[in-house]
Amino acid sequence: MQCELCPRRCRVDRSRTVGFCGAGERLKVARAAPHHWEEPCISGTAGSGTVFFSGCTLGCCFCQNRAISADGFGREISTQRLKEIFQELIAAGVHNLNLVSPTQYTPWILEALQERPAVPVVWNTGGYERVETLRLLEGAVQIYLPDLKYVSPERSRRYSGAADYFAYASQAVLEMYRQTGPYEIGADGVLRRGVVVRHLMLPGGLEDTKRVLDWLAEQFRPGQILVSLMSQYTPTDGVPPEIGRRVTRAEYRAASAYMKDCGICEGFLQERCAAREEYTPPFDLTGV
């Protein structure tokens with residue numbers, strides 16, 4: 001297999017080596033368990049059945065999941081075992097199957113989803129996707145949970161190693177919406193289908209945040225998507241000095257006000273104290 005699943009299009013033979021994402025020819029998973037710290041419409045009261053895949057198509061210097069995204073922690077499993085994990089999570093009563101950083105394993109995941117699960121499937125991604133790969137998911141995924149991190153090529157190159165991020169992520173969000181249509185929330189407050197676009201505000205990044213919100217407001221009308229404006233950025237060791245601090249209250253207030261001014265009123269805001277340890281669960285092979 002000459003891999004072209006993500007925009008990097010490494011074209012490596014994954015039976016012999018790994019691509020930029022660190023993935024080889026077998027599924028690799030670091031944790032599978034109910035998770036209660038997604039957006040309320042995802043986690044609900046019973047939790048989201050979250051499967052954390054190892055590797056990542058981006059290279060974000062501030063990643064909170066670095067142990068699995070960059071360092072490759074996880075256990076190799078078969079497609080059959082992934083099917084079993086899905087059924088175990090559903091039996092635990094979760095509202096959905098939440099697949100985190102799944103892109104590099106798209107063909108294997110689709111095989112595991114051949115029999116449609118009894119709950120919605122969430123594609124939880126950094127947003128750096130090829131439309132051609134997303135089209136393979138049509139009918140298998142009911143909820144898309146992408147990041148839209150940047151518009152600026154300079155910032156996306158410096159912080160995520162992908163100067164072409166917005167060119168791909170913007171088209172990916174449009175394709176996701178084409179597949180799901182307007183969001184649908186059940187009587188229990190849990191999302192049944194649709195797109196929730198996340199934007200993690202970075203320190204000093206207000207102008208780029210405004211550009212992200214402008215694009216969303218231009219592309220989507222009220223009632224079509226949900227937007228999650230996140231304040232939980234926490235600097236990690238080795239980040240560039242200009243993002244070596246938390247987002248200030250003033251920065252986040254300004255972003256929240258701008259989001260409202262754009263007419264984006266359906267979605268989620270965070271308290272500035274939202275960066276808590278439980279947001280990043282232990283990657284200890286639970287459920288794998």
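Here the CH2 atom belonging to W215 is positioned 5.5 Å from the CZ atom belonging to F166, to the nearest 0.5 angstrom. In this structure, the separation between SG on C60 and NZ on K149 is 4.0 Å, given to the nearest 0.5 Å. Put simply, OG1 on T17 and CD on E25 are 11.0 Å apart, with the number rounded to the nearest 0.5 Å. With values rounded to the nearest 0.5 angstrom, T125 atom OG1 is found 9.0 Å from L145 atom CG. The line from CG of L191 to CD1 of I143 is 4.0 Å long, rounded to the nearest 0.5 Å. Distance check, rounded to the nearest 0.5 Å: NZ of K83 to CD of Q87 gives 10.0 Å.
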Apply side chain to side chain contact (heavy atoms under 4.5 Å, CB included) to residues W108 and L82 and explain how you reach the verdict.
CA-CA 9 Å; W108 295 265; L82 184 60; 5.8 Å; no

Step-by-step side chain to side chain contact (heavy atoms under 4.5 Å, CB included) determination, V18 to V12
CA-CA 7 Å; V18 299; V12 300; over 6 Å; no

Using side chain to side chain contact (heavy atoms under 4.5 Å, CB included), reason through R198 and E38 one step at a time and then give a plain yes or no.
CA-CA 11 Å; R198 287 172 163 171; E38 305 286 28; 2.5 Å; yes

Applying side chain to side chain contact (heavy atoms under 4.5 Å, CB included) to L134 and M176, what does each step give before you reach the verdict?
CA-CA 7 Å; L134 290 173; M176 292 169 183; 4.1 Å; yes

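In this structure, Q270 contributes its side chain and S231 its backbone to a donor-acceptor pair below 3.5 Å. A donor-acceptor pair under 3.5 Å is formed between the side chain of R193 and the backbone N or O of T180. Counting only distance, with no hydrogens or angles, the side chain of R75 and the backbone of K28 share no donor-acceptor pair below 3.5 Å. Formation of a donor-acceptor pair under 3.5 Å by the Y105 side chain with backbone atoms of S54 is found in this model. Side-chain atoms of R31 come within 3.5 Å of backbone atoms of P282 as a donor-acceptor pair (strictly under, hydrogens ignored). Judged purely by atom type and a 3.5 angstrom limit, S101 has no side-chain atom pairing as donor or acceptor with the backbone of F53. Using modelled atom types, no side-chain atom of R253 and backbone atom of T248 make a donor-acceptor pair closer than 3.5 Å. Formation of a donor-acceptor pair under 3.5 Å by the N98 side chain with backbone atoms of S48 is not found in this model. Of the possible polar contacts, one joining the Q64 side chain to the T234 backbone as a donor-acceptor pair under 3.5 Å is found. Put simply, the side chain of H95 gets close to the backbone of A46: a donor and an acceptor are under 3.5 Å apart.
Under the 4.5 Å side-chain heavy-atom criterion for ILVMFWY residues, no single connected hydrophobic cluster contains both I185 and F220. In the hydrophobic clustering of ILVMFWY residues, with side-chain heavy atoms under 4.5 Å counting as a link, V122 and V196 come out together. Each of Y183 and V141 belongs to its own hydrophobic cluster when Ile, Leu, Val, Met, Phe, Trp and Tyr are linked at side-chain heavy-atom distances under 4.5 angstrom. Hydrophobic clustering (ILVMFWY, side-chain heavy atoms < 4.5 Å, transitive): W123 and V131 are in distinct clusters. Both L206 and I264 are members of a single hydrophobic cluster when ILVMFWY side chains are connected at heavy-atom separations under 4.5 Å.
The closest side-chain donor-acceptor pair between Y144 and Q179 falls under 3.5 angstrom. Side-chain N/O atoms of E129 and T103 include a donor and acceptor closer than 3.5 Å. In summary, the side chains of S160 and Y150 do present a donor paired with an acceptor at a separation below 3.5 Å, with no hydrogens or angles considered. Side-chain atoms of D214 and Y258 form a donor-acceptor pair, as typed in the model, at a separation below 3.5 Å. For the 3.5 Å distance criterion, the side chains of S78 and Q80 fail to qualify, holding no donor opposite an acceptor.
Sparse packing is recorded around CZ of R116, with 12 or fewer heavy atoms of other residues, nucleotides or ligands lying under 6.0 Å away. Other residues, nucleotides and ligands place no more than 12 heavy atoms under 6.0 Å from the CD atom of E115.
You'll find the side chain of L229 reaches within 4.5 Å of the side chain of T209, heavy atoms only. The shortest side-chain heavy-atom distance between R81 and L27 does not fall under the 4.5 Å cut-off. At a threshold of 4.5 Å between non-hydrogen side-chain atoms, the residues C265 and P222 do not count as touching.
Both the sub-6.0 Å distance and the 45° axial angle are satisfied by R8 relative to the ring of F20.
Using a 4.0 Å cut-off between charged nitrogen and carboxylate oxygen, E132 and R9 do not count as a salt-bridge pair.
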